[in-house]
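The chains referred to below are lettered A, B, ... by the order of the sequence lines, with proteins before strands, and numbering in each begins at 1.
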Amino acid sequence: MFILKRVVSGGGIIVPRCTSHSVRNFSACHCLRSTKRLSPYNTVDSERYSSLVKSVMTSRTSSQTPETLQEEDENIYGPVIKAQTSKSRQDERVPKILHQFLQSEETMEAEELESGPPVQIPLKRDKGSPFIPSVTRILQQTLSPEQIFYLERWKKRMIAELGEDGFKEYTQNLFRQGKLFHSALEGILTSGVTIKDKSSGTAEDPAEVQGYLESISHILDDIGAVRAIESTVQHDTLNYVGIVDCVARYRGVLCVIDWKTSDKPKPFLSNTYDNPVQVAAYAGALNSDGNYKYQVENGLIVVAYKDGTPAHAHQLSAELMLQYWKTWLLRLEDFAEQRSSHTSSVYAKNK
DNA sequence: GGATCCTTCTTCTTCTTC
């Protein structure tokens, strides 16, 4: 088996073509005879092992199979939490009740709504009123077993590298940067000065957000008619709240915009994990919220980078938003189920 | 005044050789 692996990684046995000299039979080519290092594997009876080698080559698996990887992870990180549903089954799942994403046919496209400063509705939690969960909380509590596994693994690796305190400092720093970036943007977008003039930031902006602001400057060029900043949205029937980063026109289309900071590049929408679901959840709430007299069908996720590298902007079409709205409804169902099973278990305990 | 809330982020395979 060792020989086989070496043959495979050494290459050129199954497809014995010499790429330098277009000689079909690599072992017959003069370059092989003249090379300083003659591989002992050239003497391997390739005919005899061809089917075996072929099976290895075509299976596209490395010596580390999912099984061995899992075994290794279990040894290092403890048992893996298995997915409850397969991906295909998850795709087939449909919300029990398909709540509307858009509320009324008559979408107010009135120009007068676009004039004036953006709204900023603060979050009010009345003491007497029942607790309403937030978008972030629901997303956090309904992560898939895979997500939990990868996050836990990442956390353990980071702690192993930085230590408990180092890791705490690292995450605090990430949060601080995100918050500073958001507040700097809030200042830029709410100020009367045109976005473009302010996109480079101001003297008051801390040095560590300058790169992020530079990163999104080309995005800000395409943003106009800012209508809401850091504003609370509440779904009137689905009973959840959230705070939208921004509602504005991006390239002429009204969007719920979510600003993100990231150390790693996120060039694809799939790199943003639950962010699209979060945006769809906000938009759906906003569309049902009487405080907003318009509907938002599109979304935008902007990932900014500290070193000033141009941000990645992921635009969510109305169609995509509907798709993520359904995912959100499923997450809401899971959350409700979780809560009811929790309360019933508490009830049983107290009985 | 203290506690809590909403956010802020973090994930997706891995190894060697020329």
**Item:** Gap between atoms CG and P, on A:Leu174 and B:dT7 respectively (whole Å)
**Value:** 19 Å
**Per A:Gln278 side chain, nearest of listed nucleotides B:dT8, B:dT14, B:dC5** = B:dT8
**Message:** Let's see if you get this right: which residues in residues 262-270 of chain A place a heavy atom under 4.0 Å from DNA chain B?
**Reply:** A:Ser262, A:Asp263, A:Lys264, A:Lys266, A:Ser270
**Residues forming a ring-ring contact (aromatic ring centres under 6.0 Å, His included) with A:Phe181, sequence neighbours excluded** = A:Tyr212
**Asked** For A:Thr136 and B:dT7, is the shortest distance between a side-chain N/O and OP1 or OP2 below 4.0 Å?
**Response** yes
**Asked** When the distance from NZ of A:Lys156 to P of B:dT10 is rounded to whole Å, what number comes out?
**Response** 20 Å
**Separation of B:dT10 C1' from A:Gln177 CD (nearest whole Å)** = 13 Å
**Asked** Think A:Lys155 has a side-chain N or O under 4.0 angstrom from the OP1 or OP2 of B:dT11?
**Response** no
**Message:** With a 4.5 Å cut-off on side-chain heavy atoms, are A:Pro310 and A:His218 touching?
**Reply:** yes
**Item:** Ring-ring centroid check A:Phe268 A:His314, cutoff 6.0 Å
**Value:** no
**Item:** Option passing side chain to side chain contact (heavy atoms under 4.5 Å, CB included) with A:Val279 (candidates A:Leu300, A:Asn298, A:Asp245, A:Leu316)
**Value:** A:Leu316
**Message:** Need to verify one output field. Residue with the more 5' nearest nucleotide on DNA chain B, A:Asp245 or A:Leu143?
**Reply:** A:Asp245
**Candidate nucleotides B:dC9, B:dC5, B:dT8, ranked by approach to the side chain of A:Thr261 - the nearest** = B:dC9
**Asked** What nucleic acid atoms does A:Thr171 come within less than 4.0 Å of, heavy atoms only: base, sugar-phosphate, or nothing?
**Response** nothing
**Message:** At 4.0 Å (heavy atoms only), tell me whether A:Tyr282 reaches a base, stays on the sugar-phosphate, or touches nothing.
**Reply:** sugar-phosphate
**N/O (side chain, A:Arg176) to phosphate O (OP1/OP2, B:dT8) under 4.0 Å** = no
**Request:** May I ask you to check whether A:Trp328 and A:Tyr240 place their ring centers less than 6.0 Å from one another?
**Result:** yes
**Message:** In this structure, how many angstroms lie between the P atom of B:dT11 and the CG atom of A:Leu151, rounded?
**Reply:** 8 Å
**Prompt:** Expressed in angstrom and rounded to an integer, what is the separation of A:Asn275 atom CG from B:dT7 atom P?
**Reply:** 13 Å
**Message:** Checking contacts here: which listed nucleotide (B:dC5, B:dT7, B:dT8) is nearest the side-chain heavy atoms of A:Phe175?
**Reply:** B:dT8
**Message:** So A:Arg331 and A:Asp274, do their side chains get closer than 4.5 Å, heavy atoms only?
**Reply:** yes
**Asked** Between A:Tyr240 and B:dC5, does any side-chain N or O lie under 4.0 Å from OP1 or OP2?
**Response** no
**Message:** Between A:Tyr170 and A:Val241, which residue's closest nucleotide on DNA chain B lies nearer the 5′ terminus?
**Reply:** A:Val241
**Request:** Would you mind reporting whether A:Phe175 and A:Thr261 have side-chain heavy atoms less than 4.5 Å apart?
**Result:** no
**Request:** Please determine, for the side chain of A:Arg153, which listed nucleotide (B:dT10, B:dT14, B:dT8) has the closest atom?
**Result:** B:dT14
**Request:** Please report, rounded to the nearest Å, how far the C1' atom of B:dT10 is from the CG atom of A:Asn173.
**Result:** 13 Å
**Asked** Rounded to the nearest 0.5 Å, how far does CZ of A:Arg153 lie from NZ of A:Lys155?
**Response** 15.5 Å
**Item:** Rounded distance in Å - OH (A:Tyr305) to C1' (B:dC9)
**Value:** 14 Å
**Request:** Would you indicate which nucleotide in B:dT8, B:dC5, B:dT7 comes nearest to any side-chain atom of A:Arg137?
**Result:** B:dC5
**Item:** Rounded distance in Å - CG (A:Asp258) to C1' (B:dC9)
**Value:** 12 Å
